[in-house]
Structures are given as structure tokens and as C-alpha cells.
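One is the number of the first residue; the rest follow in order along the sequence. We count ligands from 1, going down the list as the structure has it; atoms in each ligand are counted the same way. These values consider heavy atoms only, across backbone and side chains, with no hydrogens, waters or symmetry-generated copies.
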Amino acid sequence: MKKDIKNFSLDELKAYFTEIGEKSYRAEEIFRAIYNNKIFNFHDITTLPKTLRDALDNQFFITSSEVISKQKSSDSSIKFLIKFPDSSLVETVLIRETAHGKTRNTLCLSSQVGCAMKCKFCATGQMGFIRNLTTGEIIEQFLLVEKMAGKVNNIVFMGMGEPLANYENVKKAIKIITDPKGRGLGKRKIVISTSGIIDKIYKLADEISSVRLAISLHAATQKKRDYLMPGLRKYKISDLFEALKYYNRKTGNTITIEYLLIKDVNDDYKDAKDLIKLLRNLKFVKVNLIHFNQVAHIDFKPSNREKAFAEILRKNGVTVTIRHSKGEEIAAACGQLATNTKTSTKFPI
Ligand code: SAH
Ligand code: SF4
């Protein structure tokens, strides 16, 4: 069976070439061809000798998926539905924002097909867990979008799945995408959003420290969080905050706390006070209050107390921003991603 070449780091490719009696600098040529020039067919990598191209084509593939639909919203977000050979579907969303005459492309990547955490407000959570994406499949979303829609400035792991529950594959994908010999995206341009897999937050701090971290908190008491995010019950909020302190000490990075405001669930005065108590004296956190996006078959409604909630936090010294995610009308916004083959239409690229 052919192997996905994107599962190989530069060092691993070099070792492979040495092993088959080739010059190891060939690995760098291939890295440049795939990651910088977006060449997805070995026969088109003309810097390589023909015999090597044939040999590579026998052993490896560069891409394996198909973009089966592409939907654009009026705010210019584009949702790509990507199908892998085992028929797994994932969604990847490109968010375009123009500020001060400059357009920035942020790509929201998926890390798993479905998610095991069962968060009550999240469309992906309702799908259940299907499987982890491989390193190559995580990278493939990024490469396909860059080839079709132009350079990506930032990556956020806020698509489908819990990135820290697929830690090794996410870590390796980041290593490859940020490799200066290839695409070389800056590590600080990458945000990992996690529901809070504590042991992996420590590993992240130790192993890939300069990425930015966002924590989906959504409730400031254990009871409420256990209700909203049942898959995370074994993680205590107090332990989570110890991990965040460690992350900040180790990396110097500020950490974003994401708090989804759901009507009559976590948006009253007491909820705000609980959150303030939790964040008191933590200089390194800032809060994003997130507008709840309606999801089919989920009863929750967006809160109408966003401004009041933000004001209470602000008065108590918490740095806070209200965020509306883009792409809501095409169900491309955070938490709305769930794949359903029946609704997809084929899109030729
Ligand atoms: N599993 C990770 C990353 C994917 S979810 C995490 O939970 O952080 C990305 C973000 O979308 C998270 O902050 C998540 O809490 C948020 N989200 C989930 N459902 C949502 C919804 N219905 N409306 C708005 N945001 C939602
Ligand atoms: Fe999974 Fe994140 Fe959705 Fe929770 S919010 S179910 S952790 S994707």
C-alpha cells in the first residue's frame, strides 16, 4: 500500500533517502515542491531524476482526498467539505478578514472526524467520535486550501474534533507546516483550541511551546461544566488552571479563555461572578465571549446578555472581547461543523 508522504517529517524523509541510497538533499527538494510550490504529482517534480520520480510514485502518494463541496458566505468565509478515501468527511473553513486595507486568511482546521467530548452545544460533539485524522490528513486540508484560495496567514485548530485528543498527529502536522525548509508558517500564527485535556497542555508547553493556546471553558463551576461538557468530567477546573499557569510560566504566552454565552444556561450574574472568581489575579488570561451559533437538534439559544455579561467582567478587571464567528449562515462557524454526506454536492476543482 502506498504511504502518505505528508506523514514524514523532513528528517524522516532524509533518513529514508539515505536508506535507499539517494542523496538526502532530495528530501528538501520534495519538501519545497509539495509545501511551497503545491505540486501534488511526483511526475511534475522536474528537479528530480525520472527514475526517482517513478520510484516515489510507486511508494507514496501526495494527496488522497477530494473536495466535494465548497460553500461561500456573504462575509467571504468559505467552507470546504473534504472526503478521504475511507469516505470520512471533514470540514475546513477559510475565514477572510480585511482590516486597514489588508486581507488576512485564517484557516480553521479539523483534527478528528467527530469528537468524543459530547459537548451539549456543539454539532461535532453530537456526531460522536469516528476517528483521528492522520498527520498527512491534517496537513492536506491546509495544502488544498492554499492551492485553491491562496496563502493562509493563520491556522486555528477550531474545526471538528479535539486537537489534544489527537496530540501526536497534531504536533507532527505543526512541525511539518512550520518547518523553515518547507512552508515555514510561524508557530505564533497557530492557535490550538482545546476543551482542556490537562496532561497534553503540559506536553504542549514542553514540546511545541510557541503556539498559542485557547481554552474552551464555557462554565466556571465544576457542576455546570460537567453538565455542558460531559466528556471532560474527569478533568477538574482547578487542575486545568494549574496546567494553564504552567503553560504561561513555560512559554510566556497569554491564554485565551473561550466562554460561549447560552441563554439561561451560563449567562446570569452569578455565572459572571463565578468566572471572575476563577480568573482573579491571573494576568495572563483574556476572555472571548462567544456568540452561540444555533445548531440543528440542539435546544440552546444565544444569550441576549452578552454586553451586560462583558461589562461585569470588565468592571472586575477581566480583559474581555465579544466575538461573533464568521460564516454562520453556511453553518461554517465554530461548533456548527458536522458532516452529512446526503447534503453535499460534488464540486470540481
Ligand atoms: N475541541 C476544541 C476545538 C474545536 S471547537 C474545543 O472545544 O476547543 C472550536 C470552538 O467552537 C470551541 O471554543 C467550542 O467551544 C466552540 N463552539 C462549539 N459549539 C459552538 C456553538 N454552537 N456556537 C459557537 N461556538 C461553539
Ligand atoms: Fe469536541 Fe470541542 Fe465540540 Fe466539545 S466543543 S464536542 S471538545 S469539538
Side-chain angles (χ1 to χ4, degrees), residues 77 79 90-93 95 106-133 138 141 154-167 169-170 190-198 200-201 204 211-220 224-235 240 243-244 255-263 265-267 286-303 306 321-339:
S77 300
K79 180 166 78 169
V90 294
E91 290 178 322
T92 304
V93 183
I95 304 153
T106 298
L107 186 65
C108 185
L109 287 183
S110 291
S111 55
Q112 299 182 313
V113 187
C115 181
M117 301 305 157
K118 303 188 183 72
C119 300
K120 286 209 168 55
F121 44 80
C122 172
T124 313
Q126 308 310 303
M127 291 172 65
F129 174 69
I130 297 167
R131 69 171 177 86
N132 281 330
L133 292 181
I138 295 168
Q141 301 167 60
N154 302 290
I155 287 179
V156 293
F157 280 93
M158 291 188 186
M160 293 166 64
E162 169 46 54
L164 296 191
N166 186 14
Y167 180 80
N169 292 348
V170 167
I190 299 177
V191 178
I192 292 188
S193 175
T194 177
S195 53
I197 313 288
I198 293 175
K200 296 301 185 309
I201 294 174
L204 194 66
V211 297
R212 285 149 57 203
L213 189 62
I215 301 294
S216 293
L217 187 67
H218 308 316
K224 202 164 273 194
R225 199 166 194 260
D226 288 351
Y227 161 72
L228 282 174
M229 305 172 77
L232 290 139
R233 276 187 191 143
K234 68 174 177 180
Y235 299 108
L240 174 61
L244 299 188
I255 296 171
T256 303
I257 302 291
E258 296 167 301
Y259 192 101
L260 196 57
L261 274 178
I262 310 172
K263 190 175 188 335
V265 173
N266 64 355
D267 66 339
K286 59 186 177 66
V287 173
N288 279 350
L289 290 180
I290 304 168
H291 174 80
F292 174 72
N293 296 316
Q294 212 84 36
V295 175
H297 312 299
I298 296 180
D299 275 345
F300 295 149
K301 299 263 178 304
S303 170
E306 287 173 350
T321 313
I322 301 177
R323 290 231 183 271
H324 279 253
S325 33
K326 306 268 170 187
E328 198 174 345
E329 80 211 52
I330 52 166
C334 294
Q336 291 186 309
L337 304 183
T339 47

* To do: Could you list the atoms of ligand 1 found under 4.0 angstrom from a heavy atom of H291?
  => 24 (C)
* **Residue pair L240 / L232, side-chain heavy-atom distance below 4.5 Å** => no
* **Identity of the nearest option to atom 9 (C) of ligand 1, non-hydrogen atoms only, from M229, E162, M158, R323** => M158
* Asked: T194 and E162: side chain to side chain donor-acceptor pair (under 3.5 Å), yes or no, with the steps?
  -> CA-CA 6 Å; T194 177; E162 169 46 54; 2.8 Å; yes
* Atoms in ligand 1 with a heavy atom of S216 nearer than 4.0 Å -> 6 (C), 7 (O), 8 (O), 12 (C), 13 (O), 14 (C), 15 (O)
* Structure fact -> A student checking ligand 2 against S195 at a 4.0 Å heavy-atom cut-off should list atoms 7 (S)
* Could you pull out the closest heavy-atom pair between G114 and T124, with the gap in Å? => C-CG2, 3.7 Å
* Asked: Does ligand 1 have an atom that lies less than 4.0 angstrom from a heavy atom of H218?
  -> yes
* The single option from I190, V191, V211, T106 passing side chain to side chain contact (heavy atoms under 4.5 Å, CB included) against I155 -> I190
* Taking F121 as the fixed residue, which of H297, H291, H218 is the one that meets the ring pair (Phe, Tyr, Trp, His ring centres under 6.0 Å) rule? -> H218
* Asked: For ligand 2, which atoms sit closer than 4.0 Å to a heavy atom of G125?
  -> 6 (S)
* With atoms numbered from 1 as shown, which atoms in ligand 1 lie under 4.0 angstrom from a non-hydrogen atom of V295? -> 22 (N)
* To do: Examine distances only and state if a side-chain atom of S110 and a backbone atom of E91 form a donor-acceptor pair shorter than 3.5 Å.
  => yes
* To do: Considering the heavy atoms of F157, write down every atom of ligand 1 situated less than 4.0 Å from one of them.
  => 3 (C)
* Structure fact -> For C119, the ligand 2 atoms with a heavy-atom partner under 4.0 Å come out as 4 (Fe), 5 (S), 6 (S), 7 (S)
* Are K120 and V265 side-chain neighbours, meaning at least one heavy-atom pair lies under 4.5 Å? -> no
* To do: Could you tell me whether ligand 1 has any atom less than 4.0 Å away from a heavy atom of G161?
  => yes
* Of all the atoms in ligand 1, which lie at a distance below 4.0 Å from a heavy atom belonging to C122? -> 18 (C), 19 (N)
* Nitrogen or oxygen of L260 less than 3.5 angstrom from that of ligand 1 -> no
* Sole residue of N266, N288, I215 in side chain to side chain contact (heavy atoms under 4.5 Å, CB included) with Y259 -> N266
* ligand 2 contacted by S216 (non-hydrogen, < 4.0 Å) -> no
* Asked: Should L213 and L244 be marked as a side-chain contact (heavy atoms from CB on, under 4.5 Å) after you check the CA-CA gap, both sets of side-chain angles, and the distance that decides it?
  -> CA-CA 9 Å; L213 189 62; L244 299 188; 4.1 Å; yes
* Asked: Is it the case that more than 12 heavy atoms not belonging to K224 sit under 6.0 Å from its NZ atom?
  -> yes
* Going by heavy atoms, is G159 under 4.0 Å from ligand 1? -> yes
* Got an N, O or S from C115 under 2.8 Å of atom 1 (Fe) of ligand 2? -> yes
* Proximal atoms of ligand 1 relative to E258 (non-hydrogen, under 4.0 Å) -> 13 (O)
* What's the shortest heavy-atom distance between P163 and S193, and which atoms? -> CG-O, 3.1 Å
* Could you tell me if any non-hydrogen atom of F300 lies under 4.0 Å from any atom of ligand 1? => no
